[in-house]
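One structure is given here, and the rest of the page talks about it.
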Amino acid sequence: MKIQFYPVDISYKTRGEKAEIHIYGKDSKGNPILVIVNDFQPYFWAVLKSELEKKKGFERAEIETSEEEIIPITSKKNSEIYERIKDINIPREDKRRITASKIEIAKKKFLGKEIEALKVFAELPSDVPELRQQVKDFGFETFEADIPFARRFITDRDIIPMTLHEADGEFINQRSRVPVFQAESLQRVSDELMENLRVLAFDIETYNPVGKIAIPESDPIIMCGFYGENFKKVLTWKQFNTAPDYVEFVKDEKALIEKFKEIVEEYKPDVITGYFSDGFDLPYIKKRADFHRVELDIGLDYSPLSIKRGHITTCRVVGIPHIDMFRFIRNIVARSLDTTALTLDSVANELLDERKEDVDIENLAFVWDNLPEKLEEFCKYNLKDAILTYNLLTKTMQNLLELMKIVRLPIYDVSRMSLSQIVEWYLIREAKSFNELIPNKPSYDETVQRRIQTYKGAFVFEPQPGLYKNIVIFDFRSLYPSIITTHNISPDTLNCGCCSEERDEVAELTDWFCKKRKGFISTVIEDLITRRMRIKQIMLSADDKDKKLLKAREQALKTIANSMYGYMGFFASRWYSIECTRSITAYGRHYIKQAIDKVAKAGFKVLYSDTDSVFLALENKTRKDAENFLQNINRELPRLMELEFEGFYPAGIFVSAKIGDFGAKKKYAIMSESGLIRIRGFETVRRNWSIIGKEVQEKVLNIILKEQDAKKAFDYVTDVINKLRKKEIPLEKLVIFTQLQKDMDSYTAVGPHVAVAQRMKALGKLVGAGSMIKYIVTEGKGRIRDRAKLVEETSQSEYDAEYYIKNQIIPSVGKIFEVLGYKEEEILGKSEESKKQQNLNTFFGK
DNA sequence: CAGGGGCGGGG
DNA sequence: GTGTACGCCCCTG
């Protein structure tokens with residue numbers, strides 16, 4: 001029988017001697033389903049090293065031949081080795097033997113060159129690493145042996161997650177939370193995305209003793225909030241009278257976790273989401289569930305929530321995509337945000353114009369123990385976090401879905417990928433239709449080599465440091481992508497044998513690119529750009545609903561196209577090419593300098609320029625003038641290039657910070673009309689700064705940009721410094737918070753927070769991994785750690801004012817004042833008053 | 001000056 | 001899971 005369904009979550013399972021692909025999704029009626037495909041075999045490619053080296057760099061094949069063609073063995077060498085690979089037989093502990101289950105020979109391309117490649121099949125995905133090693137030892141270069149099995153399946157069978165597919169097969173009986181369908185065949189039938197995703201957002205609150213971040217070993221979960229369509233709930237296990245109707249009381253923490261499972265099971269979400277739930281909520285729930293011996297088997301195959309350790313832990317539920325909003329926002333959305341802090345509060349504020357509930361979360365444990373009647377506001381707070389997360393997902397979902405449709409990997413993967421991974425997987429998918437072998441990831445040594453190679457970067461117009469009003473920013477949003485397309489920049493067109501005579505006359509361009517045959521990456525980029533232009537065209541006559549969708553699609557295409565340059569220059573990428581990147585920047589410098597000249601000729605004051613943007617001060621001109629100028633310049637630019645109006649900013653400060661010969665680093669702060677301040681290149685506030693450091697930076701930027709009064713900002717800082725020296729700053733503003741990450745004994749380097757923690761332990765206080773250590777640096781000589789004291793051990797006059805000035809105040813605002821023409825010693829009050837005044841006057845142009 | 005350790009997000 | 005992880009800053013030795 002035939003069924004139609006939308007694949008959502010795709011993974012594989014080993015059953016006996018076979019790996020099965022498991023596709024969880026929804027059928028066309030909206031019912032959940034598991035479709036199993038078991039005719040897909042793992043494989044990788046092997047190419048003789050001699051084959052790779054022949055015709056190196058020259059006379060490459062036409063890109064048009066794009067089907068993978070199975071051919072008879074032609075070379076004697078290939079056939080000999082073919083026999084050897086066939087004979088591979090590696091015993092394993094479980095009595096299975098690793099063999100090549102099948103070998104084919106095909107015509108493939110590698111960076112445009114036609115080559116003969118062996119396609120080596122394995123029985124199980126887990127056999128591949130050893131099989132590959134064996135084949136390598138025979139003198140082959142292997143390819144694509146590190147493509148995860150499920151992703152390999154998605155690519156080869158041309159799946160696009162969440163679009164309509166048809167499967168032929170039958171329902172079978174198997175332990176599963178959803179009906180299981182065994183598919184004989186599977187194909188995509190439409191590009192339309194599934195609709196009405198059921199989203200469940202959740203958020204936990206934990207019992208956190210004052211001054212401590214809760215640690216799962218000892219501190220329980222005390223609330224769990226949920227929000228979905230027509231659904232809101234807060235679970236908690238302390239009774240109080242004023243509970244709103246969405247609060248449900250449970251017996252204890254164990255019951256709360258069991259109820260959590262039940263809600264996920266009953267709500268049947270298509271997607272679950274949290275904010276930093278990969279790193280906090282889910283690992284925490286898991287730990288507490290383990291503690292209570294509750295099996296967290298919420299997977300649709302009854303498997304437990306799985307947590308992968310890494311730099312950030314990653315949490316997966318089989319069959320239900322889990323999206324950590326924070327990760328998607330940090331990796332993708334953040335680039336278009338003004339806020340630098342990516343807390344739920346600041347992101348919601350900017351994206352949704354909503355804030356978190358204003359409660360003092362530090363007090364939660366105290367209230368929980370002593371004032372349960374006041375728990376209502378914390379329940380409200382808990383629910384609100386879930387609501388904000390839900391709304392953030394709703395707000396950005398279309399963008400995520402469009403990215404997913406372009407990259408064609410499951411939403412779980414795409415939602416936590418960095419830009420370079422998105423680009424890479426897009427290229428991997430595209431490589432298939434060009435019949436190109438996917439280059440391997442560089443070895444560690446290779447990445448070290450790549451890291452030390454440098455090349456001349458973008459052009460930076462050194463700003464006259466200072467504060468400016470009425471700033472307009474123009475930028476070439478598609479500068480690098482258009483350069484890549486226009487000049488056919490791609491690793492496979494680089495320095496071809498046929499075109500060395502036709503090099504472009506562009507300053508500092510050291511390489512050339514084929515003019516006869518289009519490259520892989522340049523073709524991929526051109527396709528992205530033309531698709532985007534087509535969409536923008538359609539948008540002109542679309543209704544509002546379609547416009548929103550098209551906008552998201554167009555943004556996704558732009559995001560990928562814009563990242564291609566950075567990707568080719570990223571040390572860990574598969575399609576790395578320093579020659580390509582340095583050529584792109586050479587062309588880029590050429591075009592931006594042209595634009596700057598034109599801006600200046602049109603009578604605007606150019607303040608600053610970096611890579612693809614020009615900052616200008618309107619002075620006596622108007623915004624309208626700027627817009628008109630744009631229209632004119634765009635008429636003269638090549639087809640794919642466009643200078644855009646990025647924005648208008650009432651105030652901004654700039655600094656030039658030359659670092660050796662490598663160019664200038666972006667350092668500026670600008671304020672938008674809505675009062676949001678965008679900071680680039682300055683130290684940003686961190687949690688291990690004292691309150692005084694944070695406070696001073698925030699106030700200074702506000703005074704400078706909002707009130708545009710540098711003198712006032714300067715006076716404010718000197719005042720704070722004086723107060724610090726006179727010991728007038730209250731101790732609580734000087735406390736430095738540092739978290740003890742591991743157990744005290746496992747430290748080799750004893751930093752200040754470790755020393756303080758040791759003393760706390762000696763005093764009989766409860767400290768351990770996860771504890772927030774609070775300390776104040778006091779006067780004296782020698783190491784910081786010997787002078788770090790507990791707050792209660794420190795008297796008001798004891799703190800080391802100079803330490804705070806040097807390590808907290810100067811780092812937070814020093815650079816800002818440098819921009820405004822102040823020297824560090826002036827801030828420190830070491831120079832005479834008159835000089836200060838003089839500087840101020842220069843600054844204000846008096 | 002090298003290298004260990006913390007931060008980000010979360011309570 | 002046929003993988004996987006960064007870049008910056010402070011402090012100590």
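Just so it is clear: chains get the letters A, B, ... in the order the sequence lines come, proteins before strands, and each one is counted from 1.
- Distance A/Gln739 CD to B/dG5 C1': 12 Å, rounded to the nearest Å.
- Side chain of A/Glu253 to main chain of A/Pro220: no donor-acceptor pair is present (N/O by atom type, distance under 3.5 Å, no hydrogens or angles).
- Counting only residues at least two apart or in different chains, salt bridge (charged side-chain N to carboxylate O under 4.0 Å, His left out) contacts with residues 311-322 of chain A comprise A/Asp9-A/Arg316.
- Counting any heavy atom pair closer than 4.0 Å across all strands shown, A/Tyr803 reaches sugar-phosphate atoms only and no base atom.
- Applying the side chain to side chain donor-acceptor pair (under 3.5 Å) criterion to A/Asp219, with sequence neighbours excluded, gives no partner residue.
- Atom-to-atom, CD1 of A/Ile204 to C1' of B/dG9 comes out at 13 Å; the value is rounded to the nearest Å.
- Every residue two or more places apart in sequence or in another chain that forms a side chain to side chain donor-acceptor pair (under 3.5 Å) with A/Glu424 is listed here: A/Tyr567, A/Arg574.
- A/Phe153 comes within 4.0 angstrom of no nucleic acid atom, judged by non-hydrogen atoms across all strands.
- Side-chain atoms of A/Tyr381 lie closest to B/dG11 of the nucleotides C/dT12, B/dG9, B/dG11.
- Scored by the side chain to side chain donor-acceptor pair (under 3.5 Å) test, A/Arg429 finds A/Asp158 as partners (sequence neighbours excluded).
- Using cut-offs of 30° and 60° on the angle between ring planes, the pair A/Phe149 and A/Phe40 is tilted.
- Applying the salt bridge (Lys or Arg N to Asp or Glu O under 4.0 Å) test to A/Glu354 and every residue at least two apart in sequence or in another chain returns nothing.
- Within the nucleic acid shown, A/Tyr275 comes within 4.0 Å of sugar-phosphate atoms alone, with no base atom in reach, counting heavy atoms only.
- With sequence neighbours left out, the side chain to side chain donor-acceptor pair (under 3.5 Å) criterion links A/Tyr426 to A/Arg531.
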Shorter than 3.5 Å, N or O on both sides, protein versus nucleotides 2-4 of chain B: list them out with atom names.
| from | atom 1 | to | atom 2 | distance (Å) |
| --- | --- | --- | --- | --- |
| B/dG4 | O3' | A/Thr748 | OG1 | 2.9 |

Base-pairing string, 5' to 3', of DNA chain B - Watson-Crick or wobble, under 3.5 Å, | interstrand
||||||||...
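- Using a 4.0 Å heavy-atom criterion, one finds that A/Arg132 contacts no nucleic acid atom at all.
- Considering only residues two or more places apart in sequence or on other chains, A/Pro283 meets the side chain to side chain contact (heavy atoms under 4.5 Å, CB included) condition with A/Ile307, A/Thr313, A/Cys315.
- At whole-Å resolution of the value, CZ in A/Arg785 and C1' in B/dG5 are 14 Å apart.
- Here the separation of C/dA5 from B/dC7, taken at their C1' atoms, is 16 Å to the nearest Å.
- In this structure, of C/dT12, C/dG7, B/dG11, it is C/dT12 that holds the atom nearest to the side chain of A/Pro752.
- Closest approach to the A/Phe326 side chain among B/dG11, C/dG13, B/dG9 is made by B/dG9 (side chain taken as heavy atoms from C-beta onward).
- With P as the reference atom, B/dG9 and B/dG5 are 23 Å apart, rounded to whole Å.
- Within 4.0 Å (heavy atoms only), A/Leu124 reaches no atom of the nucleic acid at all.
- Close to B/dG11, at under 4.0 Å from its OP1 or OP2, lies no side-chain N or O of A/Asn363.
- For the pair A/His753 and B/dG5, the criterion of a side-chain N or O lying under 4.0 Å from OP1 or OP2 is not met.
- Residue A/Asp385 is classed as a sugar-phosphate contact, given heavy-atom separations below 4.0 Å to backbone atoms only.
- Residue A/Asn807 is classed as a sugar-phosphate contact, given heavy-atom separations below 4.0 Å to backbone atoms only.
- Looking at heavy-atom distances under 4.0 Å, A/Val750 makes contact with sugar-phosphate atoms alone, never a base.
- Distance from the side chain of A/Phe276 is smallest for B/dG10 among the nucleotides C/dT12, B/dG6, B/dG10.
- The aromatic rings of A/Tyr43 and A/Phe121 lie tilted to each other, with the angle between the two planes from 30° to 60°.
- For the pair A/Trp368 CH2 and B/dG11 P, the computed distance is 16 Å after rounding to whole Å.
- When the C1' atom of B/dG9 is taken as reference, atom CD of A/Glu205 falls 14 Å away, rounded to whole Å.
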